[in-house]
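When reading the values below, keep in mind they use all heavy atoms of this one structure, side chains included, and skip hydrogens, waters and symmetry mates.
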Amino acid sequence: MPNGPLTLPARLCLLAWDAAGPAARGTAHRPDLVRAGALVELAQHGLLTDEDGIATPVDLDASAGDAVLDGLLELVRESCPHPWRTWVTLRARVTFDAVREQLVAEGYLRAEKRRVLGVFPSVEYALERLAVVEALREETREILRGRVAEVSERDAAVAALAAAAGLLLPDQEVRVHERRVEDLLARAGAAGPGPGWAVREVSTAVAPATRAPAPTPGG
């Protein structure tokens, strides 16, 4: 995939931003999906694990080495225990805003200062590196369609979560590739039971209400 250094939530943020279109505002850019990506990446790094359905920090002193991921890890540590699905939306805007500012600093998004009604200061954001985002979108589609044989755990998570959220492919095509999505979910959680449970729980949480949830392990 292009942009190897980009974190999983950053990739999902760009995909959701691209799908939402230039006029979209607020939740159209999917803070829940960005948060889901951050939860899965922390699980893949072994920093969050599952304990009876609860997202649980493994080590109180460990870090991911990324400001956004470490911010979420600290939030989980300092909060009451919650299931994975709760964390997908609970204060998700905090993670989304942090990812957005990270993407601005790295040149993927552009911040434009404006004045609402000519008086109130405001900032609007737009995609800057359009060719890079287009390449990310097309390769994710290829992964979803099964045209990429060797897929990393991170790439599998991006594709599976994007499919669950209804990005990139129409619903009827997602149904055609349901087996592929199942394979990607398994690959994304291959590191152990923690990431395996996490990716399935959060993928269900970001799915449109009209789509049947993916089966959970043992279900």
Side-chain angles (χ1 to χ4, degrees), residues 7-13 15-16 30-66 68-92 94-96 99 140 143-144 150-167 174-175 177-209 211-219:
T7 63
L8 202 162
R11 294 184 184 192
L12 289 168
C13 186
L15 289 172
R30 302 298 303 268
D32 61 329
L33 179 60
V34 175
R35 168 61 69 76
L39 289 167
V40 170
E41 184 145 4
L42 286 172
Q44 288 181 338
H45 285 329
L47 298 172
L48 282 182
T49 191
D50 180 79
E51 291 188 3
D52 298 324
I54 302 298
T56 306
V58 173
D59 187 330
L60 295 180
D61 297 319
S63 70
D66 174 85
V68 172
L69 297 175
D70 287 336
L72 175 55
L73 189 58
E74 188 65 22
L75 179 62
V76 175
R77 285 171 178 157
E78 294 178 350
S79 303
C80 296
H82 292 293
W84 296 95
R85 295 189 198 188
T86 299
W87 276 118
V88 169
T89 55
L90 182 63
R91 299 181 63 186
V94 173
T95 300
F96 174 80
V99 171
T140 305
I143 290 173
L144 285 172
E150 298 297 327
V151 183
S152 70
E153 292 174 17
R154 181 182 289 182
D155 288 353
V158 171
L161 290 174
L167 302 180
V174 171
R175 294 188 187 99
H177 296 292
E178 281 181 351
R179 175 58 63 183
R180 174 62 171 177
V181 173
E182 279 298 304
D183 291 343
L184 290 170
L185 286 169
R187 176 60 183 149
W197 184 263
V199 72
R200 288 183 177 274
E201 285 292 286
V202 302
S203 67
T204 301
V206 300
R211 185 180 302 154
T216 55

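Closest of all the heavy-atom pairs between Ala188 and Val199 is CB-CG2, 3.9 Å. Taking every heavy atom of both residues into account, Leu8 and Gly37 meet most closely at CD2-CA, 3.4 Å. Pairing each heavy atom of Asp59 with each of Asp61, the nearest pair is OD1-N, 2.8 Å. Summarising the geometry of Gln44 relative to Ala157, their closest heavy-atom pair is NE2-CB, 3.9 Å, with the distance given to 0.1 Å. Closest non-hydrogen pair, Leu42 versus Leu73, comes out as CD1-N, 4.1 Å. Closest heavy-atom contact between Pro31 and Phe96: CB-CB, 3.8 Å.
Ser203 places a side-chain N or O within 3.5 Å of a backbone atom of Arg200 that can act as its donor or acceptor partner. Looking only at distances, no side-chain donor or acceptor of Glu153 sits under 3.5 Å from a matching main-chain atom of Ala190. Using a distance-only test at 3.5 Å, with no hydrogens or angles considered, no donor-acceptor pair links the side chain of Arg30 to the main chain of Cys13. Panel note: side chain Asp70, backbone Gly65; a donor-acceptor pair is recorded below 3.5 Å.
When each of Leu33, Leu167, Val34 is checked for a side-chain contact (heavy atoms from CB on, under 4.5 Å) with Val206, only Leu33 meets the rule. A side-chain contact (heavy atoms from CB on, under 4.5 Å) with Trp84 holds for exactly one of Val40, Leu48, Ile54; it is Leu48.
Here Arg187 does not pair with Glu182 in a salt bridge; the nearest charged N to carboxylate O distance is not below 4.0 Å.
Two residues are said to be in side-chain contact when any heavy atoms from C-beta on lie closer than 4.5 Å; Arg85 and Val202 fail this criterion. Side-chain atoms of Trp197 and Thr49, non-hydrogen and from C-beta on, never get closer than 4.5 Å to each other. In this structure the side chain of Thr7 never reaches within 4.5 angstrom of the side chain of Val68, judged on heavy atoms. Side-chain contact between Arg180 and Ile143 is present, with at least one heavy-atom pair separated by less than 4.5 Å. Arg35 is not listed as a side-chain neighbour of Pro9, based on a closest heavy-atom distance of 4.5 Å or more. Here the side chains of Leu184 and Asp155 are not in contact, with every heavy-atom distance at 4.5 Å or above.
Heavy-atom neighbours of Glu74 CD from other residues, nucleotides or ligands within 6.0 Å: above the threshold of 12. Within a 6.0 Å sphere centred on CZ of Arg77, heavy atoms belonging to other residues, nucleotides or ligands number more than 12.
Residue Leu90 holds its CG atom at 7.0 Å from CG of Leu75, rounded to the nearest 0.5 Å.
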- prompt: Between Leu72 and Leu39, is a side-chain contact (heavy atoms from CB on, under 4.5 Å) present by the stated rule, with each step listed?
  reply: CA-CA 8 Å; Leu72 175 55; Leu39 289 167; 4.0 Å; yes
